[in-house]
Amino acid sequence: MNLTEELQRRFGYTEFRPGQQEVIEHVLEGRDTIAVLPTGMGKSLCYQLPGYLMNGSVLIVSPLVSLMEDQVAQMRKNGEKRVVALNSFLSYSEREKVIRQLDHFKFIFVSPEMLSRRTVVDYFRKLQLALIVVDEAHCISQWGFDFRPDYLRLGDFLKIIDRPPILALTATADQKVMFDIPYYLQMRSPVVERQSLDRKNICYSVIRLKSSIEKMAWIKNRVSTTTGPGIIYTSSRKRSDELAKELQSIGVSCQSYHAGKEQDDRSIIQSQFYNGELDWICATNAFGMGIHIGNIRQVIHEHMPSTVADYSQEVGRAGRDGLPSVATLLYMQSDEQLTSFIIQTDIPKEEQVRYYNNLLIDGMAPEEAAKLAGLSETGKRVIDYYMERFEVVEIIEKLLSLAEEKNTELQTMLSLIVTTNCIRKNILSYFGEESNLKIPQCCSNCSLPEMEWLTVEKPSMNKHAIMTWDERITKLLG
DNA sequence: CGCACTAGTTATAAAACTAGTGCGGTGCTTTATT
């Protein structure tokens with residue numbers, strides 16, 4: 001079979017992007033496959049094309065319902081009718097209907113939570129599956145242990161069905177992720193297809209300041225002298241709101257985005273940004289996954305993220321169009337303390353685990369016991385997962401080492417900020433890659449022509465601003 | 001843990017201190033009773 005012909009016939013492309021063909025070949029051979037491809041490299045083609053060439057349905061595990069809806073809409077637009085997202089967007093009767101005729105669909109999107117439900121699993125057992133895809137598979141590591149334990153339960157589902165090959169897709173692959181994916185997905189000698197995660201068109205910069213007032217002044221100046229579109233990441237919802245308000249007050253087209261906003265507002269803001277009606281977004285880490293905007297020129301971190309993996313995901317949203325883009329991280333002393341609090345606070349403490357366990361033994365209802373033990377909703381769900389398979393002593397040990405691990409990751413992130421060595425090299429080596437490539441606009445530690453980048457002037461507040469910026473940087477690279 | 005904010009104190013009028021308090025990220029899922 002000629003894959004390129006199939007690609008041409010079904011998708012209208014004349015050639016594959018790097019890595020795609022290899023991934024597709026492995027999948028068609030029936031191998032479990034881990035595909036590490038940088039963002040914007042056409043990951044969805046890696047399951048859509050083989051899906052058409054195989055018998056049975058393709059099950060795609062996706063982390064966000066909004067992402068599923070986008071992908072379903074996209075595929076329908078391209079003429080595929082046999083595609084559905086099985087999630088809480090559906091009413092009870094709609095869901096029943098979909099479930100009863102699952103085999104009518106070629107592509108089925110689900111959340112990991114859905115796959116933990118007994119009734120749902122029973123329907124999937126009867127279905128002939130050609131392929132199981134875990135999209136954004138780093139979520140297993142990133143969310144599984146302390147936020148969405150159903151990511152760790154995927155293995156349970158895979159154990160009880162007659163399982164087809166599994167394809168894990170991600171753009172983030174540090175050591176831990178590369179260990180967790182095959183382990184929790186129970187892969188059988190998986191092939192790893194890996195492309196370089198280096199984003200040569202992104203220039204990395206770290207700037208040290210003395211206070212959050214200085215940060216605000218810096219951002220105001222940056223935003224009014226350079227063009228977007230851009231994302232400003234903060235570490236709290238409140239800060240996002242404040243920053244957006246402040247920027248609006250000096251005439252910048254800007255909105256804040258975080259999980260505290262209504263879902264409707266979130267999609268409106270997202271589509272405004274997408275359509276170029278909004279130059280800047282001030283956001284928490286809620287803004288990111290599933291954002292496919294090509295021309296983001298800048299990503300500014302008003303506050304540091306908690307891991308290098310998070311950082312590289314966030315800055316990776318810049319410059320998907322391949323044009324020069326800038327990532328700037330603002331740091332002031334002891335910024336890591338807030339980050340530390342945030343990542344540690346939701347991990348249940350030893351006393352809580354013991355108390356919760358004792359209350360359960362006494363026969364108290366789990367919800368009430370969790371409340372008394374001072375466990376958050378998330379905390380309870382996490383502990384419930386661990387209690388299904390470990391003794392209390394083991395759980396406490398695991399949670400302790402999780403807290404330690406998180407702290408180590410934060411320290412690694414911090415060392416990226418304070419290093420005097422090449423930032424790009426540091427990021428790449430975190431992902432196990434080496435790079436000796438000299439790039440003219442590499443990072444703030446590599447004799448960057450930083451002033452040239454920083455003085456790109458914003459000519460006016462109109463739509464042509466984006467064009468001018470692009471022209472300018474193209475000229476800069478000369 | 002540390003920052004921002006508030007209420008109370010001081011000592012006789014306004015402002016400057018102090019102690020206490022609150023806050024801090026990611027998302028899936030809810031089919032049943034008065």
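Reminder, nothing fancy here: chain letters follow the sequence lines and each chain counts from 1. As the structure is a computational prediction, the values presented were derived from the model and not from experiment.
Between dG8(B) and dA14(B), the two C1' atoms lie 16 Å apart (nearest whole Å). Using atom C1' as the reference point in both dG20(B) and dG27(B), the two lie 35 Å apart (nearest Å). Across the C1' atoms, dA11(B) and dA4(B) are found 28 Å apart, a figure rounded to whole Å. dA13(B) and dC17(B) have their C1' atoms separated by 16 Å, with the value rounded to a whole Å.
The nearest whole Å value for the distance from the CG atom in D335(A) to the C1' atom in dC3(B) is 12 Å.
Here ring-ring contact (aromatic ring centres under 6.0 Å, His included) pairs that include residues 366-392 of chain A, with residues two or more places apart or in two chains, number zero.
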So what's the dot-bracket for DNA chain B: Watson-Crick or G-U pairs under 3.5 Å, [ ] if a pair crosses, | if it pairs off-strand? ((((((((((....))))))))))..........
Give me, pair by pair, the N or O atoms of the protein and of nucleotides 20-23 of chain B that are less than 3.5 Å apart, along with how far apart they are.
none

Review item, nucleotides 26-29 of chain B N/O atoms under 3.5 Å of protein N/O:
from    : atom 1 : to      : atom 2 : distance (Å)
dT26(B) : OP1    : A259(A) : N      : 3.1
dT26(B) : OP1    : T284(A) : OG1    : 2.2
dT26(B) : OP2    : R237(A) : NE     : 3.2
dT26(B) : OP2    : R237(A) : NH2    : 3.2
dT26(B) : O5'    : N285(A) : OD1    : 3.2
dT26(B) : O4'    : N285(A) : OD1    : 3.3
dT26(B) : O2     : W143(A) : NE1    : 2.9
dG27(B) : OP1    : R266(A) : NH2    : 3.3
dG27(B) : O6     : T378(A) : OG1    : 3.1
dG27(B) : N2     : R381(A) : NE     : 3.1
dG27(B) : N2     : R381(A) : NH2    : 2.7
dC28(B) : OP1    : V65(A)  : N      : 2.6
dC28(B) : O3'    : S111(A) : OG     : 3.2
dT29(B) : OP1    : S111(A) : OG     : 3.2
dT29(B) : OP2    : S88(A)  : N      : 3.3
dT29(B) : OP2    : S88(A)  : OG     : 2.6

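Applying the 90° cutoff around 0 to the glycosidic angle, dT30(B) is assigned syn.
In the region residues 176-184 of chain A, proximity to DNA chain B at under 4.0 angstrom, judged on heavy atoms, holds for none of the residues. In the region residues 399-412 of chain A, proximity to DNA chain B at under 4.0 angstrom, judged on heavy atoms, holds for none of the residues.
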